[in-house]
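What follows is a set of notes on a single structure, which appears directly below.
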Number of protein chains: 4
Amino acid sequence: MDEADEDIAADGARRRWKQDPEAVRADILGAARKLFAQKGYSGARIEEIAALTACSKRMIYYYFGDKEGLWRAVLAEAYRRTREAEEALDLHGLPPAEALRRLADFTFENHAARRDFIRLVMIENVHEGAHMPQADEMSGPNLSVIRLLEDIYRRGLAAGIFRPGLTPLELHWQISALSYFNVANQATFSRIFGDALFTPEGQARLKRQVGESLLRFVLTPEAAARELP
Amino acid sequence: MDEADEDIAADGARRRWKQDPEAVRADILGAARKLFAQKGYSGARIEEIAALTACSKRMIYYYFGDKEGLWRAVLAEAYRRTREAEEALDLHGLPPAEALRRLADFTFENHAARRDFIRLVMIENVHEGAHMPQADEMSGPNLSVIRLLEDIYRRGLAAGIFRPGLTPLELHWQISALSYFNVANQATFSRIFGDALFTPEGQARLKRQVGESLLRFVLTPEAAARELP
Amino acid sequence: MDEADEDIAADGARRRWKQDPEAVRADILGAARKLFAQKGYSGARIEEIAALTACSKRMIYYYFGDKEGLWRAVLAEAYRRTREAEEALDLHGLPPAEALRRLADFTFENHAARRDFIRLVMIENVHEGAHMPQADEMSGPNLSVIRLLEDIYRRGLAAGIFRPGLTPLELHWQISALSYFNVANQATFSRIFGDALFTPEGQARLKRQVGESLLRFVLTPEAAARELP
Amino acid sequence: MDEADEDIAADGARRRWKQDPEAVRADILGAARKLFAQKGYSGARIEEIAALTACSKRMIYYYFGDKEGLWRAVLAEAYRRTREAEEALDLHGLPPAEALRRLADFTFENHAARRDFIRLVMIENVHEGAHMPQADEMSGPNLSVIRLLEDIYRRGLAAGIFRPGLTPLELHWQISALSYFNVANQATFSRIFGDALFTPEGQARLKRQVGESLLRFVLTPEAAARELP
DNA sequence: GATGAATGAGTGTTCATTCAT
DNA sequence: GATGAATGAACACTCATTCAT
């Protein structure tokens, strides 16, 4: 902070290619997500994360405070992306049964495609959710999936094809459970029972069954008899 | 070599409860299961595990070689107990629909009651199943749950109340997924959506829905209309 | 951030002599050489080496990776110094017989004066040379001792005073063997046979005999009769 | 050594196949020699030594007290064997020059054939001879090599073919130095200078040169001119 | 903003040795 | 004499973190 430093600060030309704070943050966040997902919270090394980065270890501390801060940021970012994906879903125009099936399919596929995110959630659950992003930032009835399911369920009830007595949250829970388990427990499940369910065909079958299971759960017997084979 | 020593030598009762290898092994295994489940593989400290034990840290290495060996032993033991619980289930005499519901209920309750086991499985999945007990030790068609489901499903088909085209493995997958998610993801799920589903009432609802979901998935539409409210 | 901190920041002289990587490396290397030579590879403790150093134990790993890396560095450095000493020898101008004797004397004295180096070599031989510096770094026909002996021997042959049929490598082997044994085996030899050979007078006698032995080995009988008493 | 011991000693039938204390000692000693020679004093593990043995780790402590005691015993035994080999040498009848050469050859070959012994001596020298067997047990003018060399040298002087002014100890030192270095430093020497000297042909050359070197050193110029090519 | 150097407090692990039988 | 079980003290090595520049 003396004159020599000011000289350096004034001399833009002397800077490295990386002077955009947001880019640096994103760079670090990407490396951290990768390694945290790969090796878990304790297993991931700050050093290794830094090595995947274009900047030095010190920058991680500069931007995120400490390892836990970095983890929180990675987790928050991952949830944020998930929320974004959900926002993008627009099934409000579809007939309720089809909308429900599409949502189930989307969730199943999305989880399978974003293994890193699922792994982060697994790890965070091992930590009993201690580092979850602030409640007001993501929870409550303003979550778009829940709003979407509310809309679908209401329309299904109005059409007389959905059973009453269920809640959007319970529907979401079921869709999530099946889609999550498919990714999260693949390792142990396939070691015990073989990987028949995890081949491309197995996955296709599983996805169809998840959607069907959900529909059978929600549809009235008559609607089910009509809509399902 | 003096009188005091003779007293000790003469006093069998004063000896430690040790010198019983099986007991020491079990003691260590219990402490390790607890701490591994609590803090994860990397998070659990050998020192801390030993502190929960009646023996010294060194004994852990004497009996289990290293930390990974201890983890493997804990995991194998946990699976062994699970298999034992499954063996004990005798639902062969019940009508197929009831047997299926009982199995779902049992799994849901069993998972909820054995959080430690679920956490071990979560952790092992974070490690991509790298330390799973030998395949031939646990997998194959001789797993009792699968055999049980086979029997139930066959009887249901024979009675004309189950839909054809499903496999016991797929049924097991669905029961597991819902029961597992209920425990494994409680932390993150409840932070995002509140803990309504995890109160005693919420859990009871969830359990009933899991059973219902399964039955609706398996029963023919006619049987469903007859058997379910 | 208060006045005291400013004082420290302002006082450049109070800073440690560190932040000079080469100096730290050399510091560690010196301590390690000393302790490795004193106690052997397994016997030397990293902690003890660090204690001889102005820096923390951690720095040893920072600079050398692990204990073996440190040993390699110490050994390489010791050989490097030896090669340097050999380079400095300039006996090309002397008459061949005298040059040979001087080389023998130098080697004998040099080995005796650098016991630490000899001990390092002893230890490395116990390890079967597993950590030797890269072959291309030290060996080959470009070793200066060998080149020097080649020159001396060739000139002796040309002058008709050296016997033909010997190789520079064999001459080096003999000089080394006698000079090395004198240091390396002093402990056991003197315990068995007394220390008569290791008093200052004994050493002087030994040195003279080593030179004489070599000359008698190399000189033609006639030259020997002329040059040696 | 009390009555109880006598009882056990009297009861031959109760013993395992290994009840001969001397055999057990020898068994342990053999395993220890092997491992100490292979890995050094610190490098050798009591556990590993015991594993090479027909008996348990505890027996090592029973027979030898501690690791150092075992090392001392191994070293003493190795020296004892060496002395025995020397005793067996009978060169008193041969002409002095031939006797000398034979002694040199024997030493060179014997060292090369008993690498384990040389390695033990190397290790003991790293420890500065701290564990050498008692002086009176092995040292002094009563050593047979020295006596032998005394005899040879005296006869050579009497015959007028040996130069005066040398001592048997110095001759032994030279023979030992060359023979010892050949084994002890092979690892580092060959890594630096290649293994030309350590092929069967190289070794044969070296052995011949060692004998020649010694003879040239001891013979009068005239005798040398007569006896050596 | 950014870096290479530096570190205290722990981590899993090992080792010679002893105890109980 | 002999054994499997047990251990305290150390050991090499690691990690998140901070300092000096």
Side-chain angles (χ1 to χ4, degrees), chain A residues 1-2 4-5 8-9 15-16 18-21 24 42 44-50 54-63 65-68 70, chain B residues 8-9 12 15-16 18-21 24-25 42 44-50 54-63 65-68 70, chain C residues 8-9 12 15-16 18-21 24-25 42 44-50 54-63 65-70, chain D residues 4-5 8-9 11 14-16 18-21 24 42 44-50 55-63 65-68 70:
Chain A
M1 307 299 180
D2 58 13
D5 284 329
I8 291 176
R15 302 226 187 77
R16 325 278 196 300
K18 208 38 151 316
Q19 77 276 57
D20 173 0
V24 175
S42 310
R45 306 291 164 221
I46 291 276
E47 189 114 37
E48 234 178 325
I49 293 172
C55 62
S56 83
K57 195 163 49 161
R58 186 63 186 78
M59 283 300 93
I60 293 175
Y61 289 93
Y62 188 83
Y63 281 101
D66 60 7
K67 192 180 188 181
E68 203 183 303
L70 180 58
Chain B
I8 291 175
R15 300 218 185 82
R16 322 236 216 340
K18 317 280 196 55
Q19 290 287 82
D20 174 354
V24 175
R25 251 189 83 94
S42 309
R45 305 295 165 208
I46 291 276
E47 189 120 32
E48 233 178 326
I49 293 173
C55 61
S56 79
K57 186 166 57 158
R58 185 62 186 75
M59 280 295 94
I60 292 176
Y61 291 91
Y62 186 78
Y63 280 101
D66 58 6
K67 193 181 187 180
E68 200 182 306
L70 180 57
Chain C
I8 291 176
R15 302 220 185 77
R16 326 239 214 335
K18 317 280 198 52
Q19 292 285 83
D20 174 355
V24 175
R25 251 189 83 93
S42 310
R45 305 293 164 211
I46 292 275
E47 188 122 32
E48 235 178 324
I49 293 173
C55 61
S56 79
K57 184 167 58 159
R58 186 59 186 76
M59 281 294 93
I60 293 177
Y61 292 93
Y62 186 77
Y63 280 101
D66 60 7
K67 193 182 188 179
E68 200 183 305
L70 179 57
Chain D
D5 285 329
I8 292 175
D11 183 3
R14 213 186 295 166
R15 305 232 183 74
R16 323 275 200 299
K18 206 38 143 330
Q19 76 277 58
D20 174 0
V24 176
S42 309
R45 306 291 164 219
I46 292 275
E47 189 115 35
E48 231 177 328
I49 294 172
C55 61
S56 84
K57 195 163 49 164
R58 186 64 186 77
M59 283 299 93
I60 294 176
Y61 289 92
Y62 189 83
Y63 280 102
D66 59 8
K67 193 181 187 181
E68 201 182 305
L70 179 58

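So you know, we letter chains A, B, ... as the sequences are listed, proteins then strands, and number each from 1.
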If you take all heavy atoms of [X] and [Y], which pair is closest and at what distance?
X: C:Leu70; Y: C:Ile46; value: CD2-CD1, 4.4 Å
X: A:Ile49; Y: A:Ala44; value: CD1-CB, 4.5 Å
X: C:Ser42; Y: D:Ser42; value: CB-CB, 3.2 Å

Rounded distance (Å) that lies between atom [atom2] of [N] and atom [atom1] of [X]:
X: C:Met59; N: E:dT7; atom1: CE; atom2: C1'; value: 7 Å
X: B:Ile60; N: F:dA5; atom1: CD1; atom2: C1'; value: 15 Å
X: C:Tyr63; N: E:dG4; atom1: OH; atom2: P; value: 12 Å
X: C:Arg25; N: E:dA6; atom1: CZ; atom2: P; value: 12 Å
X: D:Ile49; N: E:dC15; atom1: CD1; atom2: C1'; value: 12 Å

The criterion is side chain to side chain contact (heavy atoms under 4.5 Å, CB included); which residues satisfy it with [X], sequence neighbours excluded?
X: A:Arg45; answer: A:Glu48
X: A:Tyr63; answer: A:Pro21, A:Val24, A:Arg25, A:Ile28, A:Met59
X: B:Glu47; answer: B:Lys57

Which helical stems does DNA chain E take part in, if a stem means at least 3 consecutive Watson-Crick or G-U pairs with both distances below 3.5 Å?
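Runs of three or more consecutive pairs: E:2-21 with F:2-21.
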Once each nucleotide of nucleotides 9-14 of chain E is scored for protein heavy atoms under 4.0 Å, what B/S/- sequence comes out, 5' to 3'?
-BSSBB
Do any side-chain nitrogens or oxygens of B:Tyr62 fall under 4.0 Å of OP1 or OP2 in F:dA6?
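Looking at the OP1 and OP2 atoms of F:dA6, neither is under 4.0 Å from any side-chain N or O of B:Tyr62.
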Pairwise C1' distance for F:dA20 and E:dG1, with rounding to whole Å
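Pairwise C1' distance, F:dA20 against E:dG1, rounds to 15 Å.
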